[in-house]
Q: 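My questions will all concern the structure given below.
Each chain gets a letter, A, B and so on, in the order the sequences are listed, and its residues count up from 1. We use all heavy atoms of the structure for the numbers below, so side chains are in, but hydrogens, waters and symmetry mates are not.
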Protein chains: 2
Amino acid sequence: MHTVKLLLLRPNYYNNWENFELEGWVDSNRGNNKLRFINLNDGSTVKSLQIVIKGTNFDFELLDQIKIGASIKVTGKIVATPGSKQPIELVASQIQLLKNTDNDYPIQNQEINVETLREIPHIRHRTKTLKSAMLIRSVLAQEIHKYFIAHDYFLMASPIITSNDGEGAGETFNVSDDSKEPFFGLNKKATLGVTGQLHAESYAIGFKKVYTFAPTFRAEHSNTKKHAAEFWMVEPEIAFYKLNDVVNLADHMLKTVIRNTLAKCKFEFDFLEENVDSELRARLDLFINNKLSIIDYTQAIKELQKVKDIFENQDIEFGLDLATEHERYIAEKLFNGPVAVINFPKAFKAFYMHQNDDNKTVAAFDLLVPGIGELIGGSQREVRYEKLLERVKELKIDQEDLQWYLDLRRFGDSGSSGFGLGFERLVMYVTGLDNIRDVIPYPRTTGNIRM
Amino acid sequence: MHTVKLLLLRPNYYNNWENFELEGWVDSNRGNNKLRFINLNDGSTVKSLQIVIKGTNFDFELLDQIKIGASIKVTGKIVATPGSKQPIELVASQIQLLKNTDNDYPIQNQEINVETLREIPHIRHRTKTLKSAMLIRSVLAQEIHKYFIAHDYFLMASPIITSNDGEGAGETFNVSDDSKEPFFGLNKKATLGVTGQLHAESYAIGFKKVYTFAPTFRAEHSNTKKHAAEFWMVEPEIAFYKLNDVVNLADHMLKTVIRNTLAKCKFEFDFLEENVDSELRARLDLFINNKLSIIDYTQAIKELQKVKDIFENQDIEFGLDLATEHERYIAEKLFNGPVAVINFPKAFKAFYMHQNDDNKTVAAFDLLVPGIGELIGGSQREVRYEKLLERVKELKIDQEDLQWYLDLRRFGDSGSSGFGLGFERLVMYVTGLDNIRDVIPYPRTTGNIRM
C-alpha cells in the first residue's frame, strides 16, 4: 500500500502519478481563496505530505473550514519538487472531508507540554513528539520479534496470572473475581506475573532457545520517571548458555534492533534530534559501532569509591546494590556508553542465579546505558539442585510452590541463561524521552489508570 | 546455527561433515555393548537425530545409564543415509552426558494421555504431541507478526489493567495490591482487560493500521474445551475500513499465516496427521485454496431452520445468538470450511458496532471454522456520535467511563473496522487438538492455576 513515508522516500518513483488517492488526517491548513496548502498525515511517518489546492474546481470557503485533526480523502497528481523543502507534493483534483474535528479538539498549532498530553492518552499520539516516539516503539518491538525469528527462537507464552512470585520481591498485584467461590480455588494465591522467566526456563529445556515478549506487573508505589506498574518485558532463555554467551546475545540483539530501527525511522529520528535530543543518533551510533564494555562488579565498586563524593549514597563497598546514580556514573562517565557489569554479590540478587566459586558472587549481569541506568538484567541459572535449594531455604521462599522449578534440575536440565529487557526503558533510551509515561500508550502508575 | 531440523531438511548439504557438535535431549537409547543408537532431540523439530555409537572409544556400560530426557553433547560425523527411514545420522566420536534424569522423570516409553500431561505443564512439551503443538503455536504467532510487519501495521500495546470493560460482558478479574491505599486511587475500578480494541481504535485514528497481540482475560466460570481465563488475542484495527474490508483482511491474514506455517512445520504436521487427525492438512488446504464463504445471518437462520431437529436449542429464529452447535453446523455441514456470517441482530452484539440501515442488524461478522465454531469476531465500528451514545444509554453503560471513546468520534474519526482473533482457537484449528488446555503452555481455567 502506498503511504506518505514511501512517497517521501521514493519521490522519483511516484513522480507524475495521476489519480493518486490518499486518506489521512490534517496537520495544517493554510492559504487563501485561490490557493490552499493542506498538510496530510497518514500515520506511516511523523512527516506530512503537502496537498496543493488551486483552480476553480474547489469550494474554497468550505476548504477553509477543514480543521486540524480532520480526516480527509484526497485525489490528485503526485509531483516531485526537487530542491524544495519537501521532495514531493500532491496537486489535488478532489478533496473529500470525511470527518471534521469539534472546536475542543485539544491539538492546535501551539505546542503542548508532555505533562498536559498525559491527560489525553487517546489523543496525544497525534502530536509530532508522541507520534515519533510511538512509531519508533512499534518498530523496535517488531525488530525484536524479527531478530528472534531470524535466529530460530521459540516464542513462549509464559502465564500472566500465576501463583509464583518469580523475583521473590513481593510487590505483586492480586487477581480476584466477584463470585462467591474464588476463581482459582480456595487458598490459592493468584497474582500478576512479575516475570515470565521461571516458566520460560522450563521451555528452554526442550526447545533450547526461547523468548517471551509480554506484559509484566509491579505494584511499586514509587513514583519515578522510569517505573510503571505495567510494562513489557523481553525475556530470552537459552539452554546450554553460560553468562558470557547471554551477555553477547544481549549486546548483539540490541545492536541489531537499534541499527534496523535507525534505518527504518529516519524522519522520526530527524524530528527527535531537532526537538528533543540533538545527540540522539550520535549516542546510538557510538553504541552500535563499538564493542560492549564489560566490568566486574568488584572492579566497578573500586571505580565508584574513587569519586564517592559526587554521590548521594556514599556508602560504597562490596555489597552495595547500585542505585541509579551509580549506574549512570558507570555508563555515562566511566564508559560513555552501554556497559555490562558482571558477577554481583549474591546477597541482593535473585535466588535462581548461578553461585560462583568465590562463594560471594553470582553469575549475573546488568546492562547499563547512559540516561537510564539498568536496561537489562540477566544471569546464568543455578543448575545444581542442592545449591538452588539452599538459597530457597536461606531466603525463606516457599519450597512447595517452587518444587516444579527445582525439579527441572533433576530432569535433564544442564543449565540455561537468560535476561530480561525492560522494553519501555529501551524505547526511552532510543527516543531520548526521559519519562516512561511518554513511551507507552496508556501508562499505569500509582494513582493513574486513565482510560 | 545448525539444528536437527536443518540436518533433516538438507542431508546432502551436511553429508560428511566432520566434528559436528550438537547438544540436546535423549529421546530413546537402545542397543548393546558394542552398538548403541541414541535419538537426540534439540527442540528445533519434533523429529530426532539418530546417533550411532560403535567402536572401542566408548564406555558402553556408562552409555547404558543415559536415560530418556537426559541432556547430552555429541561430536561426530554426519552421514547421509539415503533410502533408510531417516535421511541422515550422526556417527559419534564423543558423547558427553551433561545431566541425567532422575528415576521419577514422568516421560518414559509408554504413552501418557493428555489429561495426565496437564498435571505437569513444566514437562509435557517434551512429549511428541505437545512438542508438535507448541512448535506450531510458536510459528503461528511469529507468522502473525510477520504478516502485519509486511503490511506496514503499527504494533499497539493496549493497556492490560484498565478501568474500562470493553465488551460490557462484566466477567472481569479485579486487580488490587496489599497496601492500605488502593494502588490506582480511591473508588477506581481496576480490572484485567477483556479486549485491547477500544484503545486500539484510538491509535487507528492517527496510525491508520494497527494491531495488538496480547493476553486478555475472562473470569468465566464455565469449564469447556474452548474457554480459558487467560488467552492471547490478535486485534487489528484499521481506519477507513468497512465491514467487507476487514472480512477480507481476516481471510487473507489467516490463509497467509496458515500457508507459511504448513511450509515451516512439515515434521510436526506429519506427526499430528499420524497420531491426532489424519485429515489435518487436507482440511487446511481446502481452506487456504478456496474463496472464503460469506453468508448473511438472516440467511443462515433460514438454513438452520431447515434442519432444526438436529439441535439441542431448536428455538431458531431471527434474534438467536448462535451456539457452538449452530456455528459448527454452518461451518462443517453447510460450507465444509471456514465461513463468515455477517450482519447480526444488534440485540446481542456489542454497543460499538455500526448500526445498519435496517435498524435491526449491525455490521458485524463472525468467522466460523469446522471443529471450533467462532474463531474470529469483528465489526465495522459505529462512527456516528449520536447513534453510539444512544446504544451506550440503551445498554446502561456508564457514559462517563467511556466519554474518551465517544470523543474520538468528535475528533476526526471517520470510521474504522477491526476484529479479534482468539489465538489459542487458531492453534486448536491448525493442530487439530480439541482442548484449549493443550495449546497454551500453562493454562488457566476455573480452579486451575498450576505453577
Q: Go through the atoms of B/Tyr203 and report whether side chain, backbone, both or neither lie under 4.5 Å from a heavy atom of chain A.
A: both

Q: Report which part of B/Lys146 has an atom under 4.5 Å of a heavy atom belonging to chain A: side chain, backbone, both, or neither.
A: side chain

Q: Heavy-atom distances under 4.5 Å only: say whether B/Asn100 touches chain A with side chain, backbone, both or neither.
A: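 It is the backbone, since no side chain atom gets that close.
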
Q: Counting only non-hydrogen atoms closer than 4.5 Å, does B/Pro159 touch chain A with its backbone (N, CA, C, O), its side chain (CB onward), both, or neither?
A: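 It is both, since atoms from each part get that close.
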
Q: If every non-hydrogen atom of A/Ala204 is compared with every non-hydrogen atom of B/Trp25, which pair is closest and at what distance?
A: O-CH2, 3.4 Å

Q: Examine whether an atom of A/Ala70 lies under 4.5 Å from a heavy atom of chain B, and if so say whether it belongs to the side chain, the backbone or both; otherwise answer neither.
A: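 For A/Ala70, the backbone is the part near chain B, not the side chain.
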
Q: Do B/Ser44 and A/Lys208 have side chains that approach each other closer than 4.5 Å (heavy atoms only, starting at C-beta)?
A: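 With C-beta onward as the side chain, the pair stays apart.
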
Q: Output the distance between atom CG (A/Leu192) and atom CD1 (B/Ile160), rounded to the nearest 0.5 Å.
A: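 Answer rounded to 0.5 Å: 9.5 Å.
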
Q: Which bit of B/Lys209 comes within less than 4.5 Å of chain A, counting heavy atoms only: side chain, backbone, both or neither?
A: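 For B/Lys209, the side chain is the part near chain A, not the backbone.
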
Q: Is the centre of the B/Phe173 ring less than 6.0 Å from the centre of the A/Phe173 ring?
A: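 Ring centres of A/Phe173 and B/Phe173 not closer than 6.0 Å.
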
Q: Pick one of side chain, backbone, both or neither for B/Leu408, based on which atoms fall under 4.5 Å of a heavy atom in chain A.
A: side chain

Q: Step by step, work out the side-chain contact (heavy atoms from CB on, under 4.5 Å) result for A/Phe240 and B/Lys73.
A: CA-CA 10 Å; A/Phe240 309 108; B/Lys73 180 175 180 175; over 6 Å; no

Q: Mind running side-chain contact (heavy atoms from CB on, under 4.5 Å) on A/Ile123 and B/Trp404 for me, showing each step along the way?
A: CA-CA 9 Å; A/Ile123 303 284; B/Trp404 67 273; over 6 Å; no

Q: Test side-chain contact (heavy atoms from CB on, under 4.5 Å) on B/Met156 and A/His125; report intermediate values, then the result.
A: CA-CA 12 Å; B/Met156 166 70 180; A/His125 58 284; over 6 Å; no

Q: Using heavy-atom distances under 4.5 Å, tell me whether B/Glu181 contacts chain A through its side chain, its backbone, both, or neither.
A: backbone

Q: Hey, are the side chains of A/Lys99 and B/Arg409 touching, using non-hydrogen atoms and a 4.5 Å cut-off?
A: yes

Q: Side chain, backbone, both or neither: which part of B/Glu220 has a heavy atom under 4.5 Å from chain A?
A: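 Just the backbone, heavy atoms under 4.5 Å.
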
Q: Contact part of B/Glu23 toward chain A, heavy-atom cut-off under 4.5 Å: side chain, backbone, both or neither?
A: both

Q: Would A/Arg410 and B/Asp104 count as a side-chain contact (heavy atoms from CB on, under 4.5 Å) if you check the C-alpha gap in whole Å, the side-chain angles of each, and the deciding distance to 0.1 Å?
A: CA-CA 9 Å; A/Arg410 301 195 301 109; B/Asp104 58 337; 2.8 Å; yes

Q: Checking A/Val383 against chain B: side chain, backbone, both or neither under 4.5 Å from a heavy atom?
A: both

Q: With rounding to the nearest 0.5 angstrom, report the CG to OG1 distance, A/Asp177 to B/Thr191.
A: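 If we round to the nearest 0.5 Å, A/Asp177:CG and B/Thr191:OG1 are 12.0 Å apart.
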
Q: Pick one of side chain, backbone, both or neither for B/Tyr211, based on which atoms fall under 4.5 Å of a heavy atom in chain A.
A: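 The side chain, not the backbone.
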
Q: Sort A/Pro441 into side chain, backbone, both or neither according to what part of it lies under 4.5 angstrom from a heavy atom of chain B.
A: both

Q: Suppose we screen for ring pair (Phe, Tyr, Trp, His ring centres under 6.0 Å). Which residues come up paired with A/Phe411, at least two apart in sequence or across chains?
A: B/Tyr105

Q: Mind listing the side-chain donor-acceptor pairs of residues 442-449 of chain B below 3.5 Å, one per line with the distance, residues two or more places apart or on another chain?
A:
{"residue": "B/Tyr442", "atom": "OH", "partner": "A/Ser202", "partner atom": "OG", "Å": "2.6"}
{"residue": "B/Arg444", "atom": "NE", "partner": "A/Ile161", "partner atom": "O", "Å": "2.7"}
{"residue": "B/Arg444", "atom": "NH1", "partner": "B/Arg450", "partner atom": "O", "Å": "3.0"}
{"residue": "B/Arg444", "atom": "NH2", "partner": "A/Ile161", "partner atom": "O", "Å": "3.3"}
{"residue": "B/Arg444", "atom": "NH2", "partner": "B/Met451", "partner atom": "O", "Å": "2.5"}
{"residue": "B/Thr446", "atom": "OG1", "partner": "B/His221", "partner atom": "O", "Å": "3.3"}
{"residue": "B/Asn448", "atom": "OD1", "partner": "B/Arg450", "partner atom": "N", "Å": "3.0"}
{"residue": "B/Asn448", "atom": "ND2", "partner": "B/Pro443", "partner atom": "O", "Å": "3.4"}

Q: Would the number of heavy atoms belonging to other residues, nucleotides or ligands and lying under 6.0 Å from CD of A/Gln108 be above 12?
A: yes

